Amino acid sequence: MIRVLLVDDQPLLRSGFRALLDLEDDIEVVAEAGDGMEGLALVREHLPDVALVDVQMPVVDGIETTRRIAADPALAGVHVVILTNYGLDEYVFDALRAGAAGFLVKDIVPEDFLHAVRVAARGDALLAPSITRRLIGRYVAQPLGTGTGTGLKELTNREREAVTLVAQGLSNDQIADRMVISPLTAKTHINRAMTKLHARDRAQLVILAYESGLVVPRTS
């Protein structure tokens with residue numbers, strides 16, 4: 001059973017999301033919150049698999065809520081998905097950098113919404129290849145310059161190759177095909193790279209790859 005927490009200051013939207021999720025046999029909405037502070041308390045209480053968090057809320061906004069969840073070792077199993085009305089904007093990248101597993105635009109069709117919840121619960125990033133390229137190309141203008149690339153020295157050549165392909169938005173199966181290895185071996189390379197780079201999930205692995213200069217965003 002996938003346990004979901006809804007954090008949004010609009011009751012009507014929360015009701016709509018809850019009604020949709022409650023129809024699924026494998027998904028349970030454990031609680032709802034109207035602001036980030038309440039959401040943080042409920043996350044700690046219920047330890048959901050997925051927290052759907054609105055980006056703009058009173059008291060504590062979605063980005064700060066995400067940052068606090070990601071910084072708490074006791075909440076390592078909580079995957080935050082940001083809900084936004086704005087599509088690809090500065091909030092999205094800030095949220096991913098804060099530790100979000102991905103983001104959803106609120107006008108998403110129901111089938112894609114449900115699929116996204118299940119993807120997030122597995123720990124996979126909600127970043128399609130086209131979204132990854134647009135997002136990184138728009139918001140990663142320069143490396144952070146504070147030792148971000150230091151951990152790359154610990155990666156093997158195969159792990160670096162796998163990280164590069166993750167940053168291009170490829171799935172494990174696609175990475176396996178490209179590297180001529182099994183999907184299990186591809187997953188092993190990725191997981192080891194995440195451990196060495198201290199990346200919470202694939203979304204942060206993508207950000208680290210671009211910020212470190214391992215992958216350079218296209219300018220066109």
Side-chain angles (χ1 to χ4, degrees), residues 1-55 57 62 65-66 68-70 72-85 87 92 95-96 98-132 166 169-176 182-184 186-188 190-191 194 200-206:
M1 183 68 70
I2 299 171
R3 304 172 75 252
V4 176
L5 173 69
L6 298 172
V7 187
D8 195 304
D9 63 335
Q10 299 181 54
L12 185 60
L13 279 176
R14 290 204 313 271
S15 297
F17 286 135
R18 180 162 199 150
L20 183 61
L21 293 168
D22 282 345
L23 291 174
E24 302 302 303
D25 293 335
D26 62 332
I27 299 175
E28 174 190 10
V29 177
V30 295
E32 299 179 28
D35 62 67
M37 186 63 72
E38 182 185 9
L40 284 166
L42 291 174
V43 164
R44 295 186 178 104
E45 178 182 351
H46 294 281
L47 297 178
D49 301 301
V50 178
L52 298 172
V53 179
D54 185 22
V55 71
M57 295 183 295
T65 299
T66 300
R68 295 185 191 182
I69 291 173
D72 189 341
L75 305 178
V78 180
H79 305 289
V80 178
V81 177
I82 291 292
L83 299 171
T84 175
N85 288 317
V92 171
L96 291 173
F103 71 95
L104 297 174
V105 180
K106 290 183 180 179
D107 62 0
I108 188 172
V109 299
E111 293 79 8
D112 290 344
F113 173 72
L114 294 171
H115 174 70
V117 169
R118 294 183 174 102
V119 167
R122 294 199 303 264
D124 292 335
L126 296 172
L127 294 173
S130 60
I131 293 176
T132 300
V166 168
L170 274 64
S171 67
N172 285 357
D173 288 343
Q174 292 170 324
I175 292 171
S182 71
L184 179 59
K187 183 177 181 180
T188 298
I190 294 165
N191 287 342
M194 288 173 60
R200 179 182 173 93
D201 51 35
R202 291 172 74 106
Q204 288 202 325
L205 194 63
V206 169

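Atom set for the values below is all heavy atoms of this structure, side chains included, hydrogens, waters and symmetry mates excluded. These numbers were taken from a predicted model, which means no experiment stands behind them.
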With sequence neighbours excluded, tell me which residues meet side chain to side chain donor-acceptor pair (under 3.5 Å) with [X].
{"X": "Asn172", "answer": "Arg202"}
{"X": "Ser182", "answer": "Thr185"}
{"X": "Arg3", "answer": "none"}

Could I get the full list of side-chain contact (heavy atoms from CB on, under 4.5 Å) partners for Ala176, not counting sequence neighbours?
Ile181, Pro183, Ala186
ring-ring contact (aromatic ring centres under 6.0 Å, His included) pairs touching residues 28-47, sequence neighbours excluded, are none
Just how far is it from atom CD1 of Ile190 to atom CD1 of Ile175, taken to the nearest 0.5 Å?
3.5 Å
Could you state the interatomic distance from CZ (Arg44) to CG (Asp72), rounded to the nearest 0.5 Å?
5.5 Å
For a quick test of your reading: what N or O donor-acceptor pairs under 3.5 Å do the side chains of residues 74-83 make, sequence neighbours left out?
none

What pair of heavy atoms forms the shortest contact from Val43 to Ala51, and how long is it?
CG2-CB, 4.5 Å
Only pairs under 3.5 Å count here: list side-chain donor-acceptor contacts from residues 20-41, not counting sequence neighbours, and write none if there are none.
residue, atom, partner, partner atom, Å
Glu24, OE1, Arg118, NH2, 2.8
Asp26, OD1, Arg118, NH2, 2.8
Asp26, OD2, Arg118, NE, 2.8
Glu32, OE1, Arg14, NE, 3.0
Glu32, OE2, Arg18, NH1, 2.9
Asp35, OD1, Met37, N, 3.0
Asp35, OD1, Glu38, N, 2.8
Glu38, OE1, Gly34, N, 3.0

Under 3.5 Å, which donor-acceptor pairs do the side chains of residues 102-113 form with other protein atoms, sequence neighbours left out?
residue, atom, partner, partner atom, Å
Lys106, NZ, Asp8, OD2, 3.0
Lys106, NZ, Asp54, OD1, 3.2

The salt bridge (charged side-chain N to carboxylate O under 4.0 Å, His left out) partners of Asp173 (sequence neighbours excluded) come to none
